[in-house]
Amino acid sequence: MTRRANMVSSHPSPLPAFILAMPLYPSRTVRVPGHFLSIFVFFIGFFIQCNVLTSNLGLRFLNITDMLVLMTLPVIALLYIRCLTPSIFLFYLVPLTLLFVLSAGFADDRGEGEFYTTAMTYFYAVYFLFFAYLLFKENLLELFCWGMFAGFVAVTILLFLDIFIHDQLASIGLSFKFDEAAVLEAAAKGEMDPLLLRVEKAGGIWPVGNTAGPAFALAGAAAAYLAERYRRPVLFAVFLLVYLASFTLTLNRSGVFAVLAIGLYFYIRNFSIRMLLSTYFGFALSALVLASVLPLGVFDFAEQAFSKRFLEDSNSSNNVQERLGTLIGGFQVMLNHPLGVGFTARSQELSGISHSGTPHNGFLATAYASGIGFCFLGAFALVYAIFRKRKIGFFAYSAIGVIIGYQFEELNFNPVFMAHVGLALAYAFIDLDFRLFLKNTMLRITGIANEETRVTTQST
C-alpha cells in the first residue's frame with residue numbers, strides 16, 4: 001500500500017481524493033463474485049434508459065427501475081453498509097429521512113396516489129448512495145456507462161418500432177399504452193387529454209416526446225464519459241447522431257439543448273489540437289455526405305422536423321413570456337407550501353397566479369412533491385458536481401443534462417432523472433464526507449498527503 005501511495009503522490013490526479021483512497025474503505029460484507037456485480041451494474045445502467053413499463057404487465061411498480069430499487073435496496077445496503085461513515089449517516093441520511101418524513105406527513109392537500117413520487121424520490125436517493133459505493137469501490141462506473149449507452153440505443157430503436165407495432169410493444173411493457181383513436185375522438189368533442197401531445201410528439205416508452213427527449217439526453221453523460229475515458233470523441237458523435245434521429249419523432253427542443261451543452265462541455269474539457277483536427281475533418285466529411293444525399297430527398301423528414309421546431313415556431317416569444325410568468329408564480333406556490341403540496345391544489349393555485357397550472361420547472365416540481373428542503377439539497381448536489389474542480393466527468397455531464405432538462409419540464413417524477421439526481425447526491429456527499437472528515441486520516445495512512453498539498457488551491 002505504501003509503494004502504491006508513493007506512486008500516486010508523484011503523479012497528481014484530477015480525480016477527487018476519495019477515489020484514490022477508496023481501497024481503504026471497508027470491503028463488502030459478503031463475498032459476491034465480481035462478474036455477478038458487473039452484470040448487475042451493467043443492467044442497472046441499461047434499464048435506467050430502457051425503462052420497461054412493469055405496470056403494463058400488471059405489476060404494482062410503474063417501471064422496472066422502481067422495482068429494482070425497492071427489491072434490491074436491502075441487498076445492496078447490506079453489501080456496502082460498512083462503507084457508511086458516522087458523518088455521512090448523520091449529515092446525509094438523517095436529514096434526508098427527516099425531510100421525507102416531514103413531506104410525507106405534513107404536505108398540503110396531497111391527493112390519492114401522489115405519495116408515490118415522494119416515496120420513490122427518497123428511495124432513489126438512499127439507493128444510489130449504496131450504488132455509488134459499489135461503483136467506486138469495485139471500479140465499475142465505466143461498465144455502468146456502457147449499460148446506459150446500450151439502453152439508450154435500445155430505447156431509440158423501440159421509439160421507431162412503436163410507429164408500426166405499438167400494441168405489441170405496449171403489451172410487454174416496451175411502449176406507453178396509448179389509444180390514439182380514442183384521444184383524437186375526445187379532442188374532436190372538445191375534451192383535451194394530456195396524451196394528445198403524443199400524436200405530434202412520439203414518446204415511445206415514455207408518455208410524450210417532452211418526457212422522452214430529456215430522458216434520452218441524459219445518456220449523453222455516459223457517452224461523453226466513455227469518449228473521455230477512451231479518448232475517442234467518435235463515441236459521443238455516434239450518440240449525437242442517434243439522438244438527432246430520435247428528435248425527428250420526439251420533436252423535443254430541451255433535450256437537444258441538453259445534449260449540445262453536454263457536448264460543448266466535453267469539447268472544452270478535453271480540447272486538444274488532435275480533437276480540433278478531428279472536428280474539422282468530421283464536419284467536412286458530414287458536409288460532403290449531406291451535399292451528396294440531400295438532393296435525393298433522403299433527409300426530407302428530418303429537415304421538416306428541425307424546421308418545424310426551430311425555424312417555423314411562431315409561438316416561441318409567447319412561450320418564453322409564459323414560462324417566465326409561471327416560474328415567478330411557481331416560486332410563490334413553493335414558498336406557500338414549504339413541505340410540499342398536492343398536484344390538484346398547486347395547479348389551481350398556480351393557475352390563479354399565472355393562468356397556467358404548471359411551472360414548467362423540475363426544481364419547483366421537486367419542491368411540490370418532496371418539499372423545499374429536498375429541492376435545495378438536489379440543486380446543491382448538481383451545482384457541486386459541475387463546479388468541483390477535481391471531478392469525475394460523468395457526474396458533471398449528468399448534472400448539466402438534469403439542470404437544463406429541469407428548466408423546461410416537470411421531470412422530477414421521471415425515473416431517469418430520479419436516478420441521476422440520486423447519483424449526484426451520493427457523489428457530492430461522499431466527496432464532502434471525505435474532504436471534511438476523512439481526508440487527513442486516510443491521506444496520512446496512504447501517504448497521499450504530498451499530492452493533496454500540491455493541489456490544495458484546486459480542490460478548495
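All heavy atoms count here, side chains included; hydrogens, waters and symmetry mates do not.
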Report yes if the side chains of [X] and [Y] come closer than 4.5 Å at any heavy-atom pair, otherwise no.
X	Y	answer
P214	F408	no
R60	Y116	no
D109	T344	no
N51	V155	no
Y127	I44	yes
F144	L423	yes
F100	F374	no
L195	F176	yes

Review point. For atom CZ of R269, is the number of surrounding heavy atoms from other residues, nucleotides or ligands below 6.0 Å larger than 12?
Key: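 Counting neighbours around CZ of R269, more than 12 heavy atoms of other residues, nucleotides or ligands fall under 6.0 Å, so yes.
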Measure across [X] and [Y] and return the closest heavy-atom pair with its distance rounded to 0.1 Å.
X	Y	value
R346	P359	NH1-CD, 3.4 Å
K391	Y265	NZ-OH, 2.9 Å
S55	L62	OG-O, 3.3 Å

- Provide the full list of side chain to side chain donor-acceptor pair (under 3.5 Å) pairs with a residue in residues 212-226, sequence neighbours left out, each pair given once.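 Found none.
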Give the ring-plane orientation class for [X] versus [Y], where under 30° counts as parallel, over 60° as perpendicular and anything between as tilted.
X	Y	value
F178	H166	perpendicular
F395	F136	tilted
W146	F149	perpendicular

Say you draw a straight line from [atom1] of [X] to [atom2] of [Y]; how long is it, rounded to the nearest 0.5 Å?
X	Y	atom1	atom2	answer
I205	F216	CD1	CZ	8.0 Å
I48	L218	CD1	CG	10.0 Å
L235	C145	CG	SG	11.5 Å

Task: Given N361, L350, L364, the one that forms side chain to side chain contact (heavy atoms under 4.5 Å, CB included) with M334 - done: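 Exactly one candidate clears the test, L364.
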Pick from N412, V69, T117: which one makes a side chain to side chain contact (heavy atoms under 4.5 Å, CB included) with M418?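 Checked N412, V69, T117 against M418; only one passes side chain to side chain contact (heavy atoms under 4.5 Å, CB included): T117.
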- Say whether, by atom type as modelled, one donor and one acceptor occur between the side chain of E228 and the main chain of N270 under 3.5 angstrom.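 Checking the backbone N and O of N270 against the side chain of E228, no donor-acceptor pair under 3.5 Å is found.
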- Query: Just one of F91, F128, Y92 clears the ring pair (Phe, Tyr, Trp, His ring centres under 6.0 Å) bar with F429, so which one?
  - Reply: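 When ring pair (Phe, Tyr, Trp, His ring centres under 6.0 Å) is applied between F429 and each of F91, F128, Y92, only Y92 qualifies.
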Donor-acceptor list for residues 238-246 side chains, cut-off 3.5 Å, not counting sequence neighbours:
unit_1	atom_1	unit_2	atom_2	d
Y243	OH	G213	O	2.9
S246	OG	Y243	O	2.6

request  = Output, in order, the C-alpha distance, side-chain angles, deciding distance and verdict of side-chain hydrogen bond (donor to acceptor under 3.5 Å, both in side chains) for N252 and K201.
outcome  = CA-CA 8 Å; N252 175 259; K201 298 182 176 183; over 6 Å; no
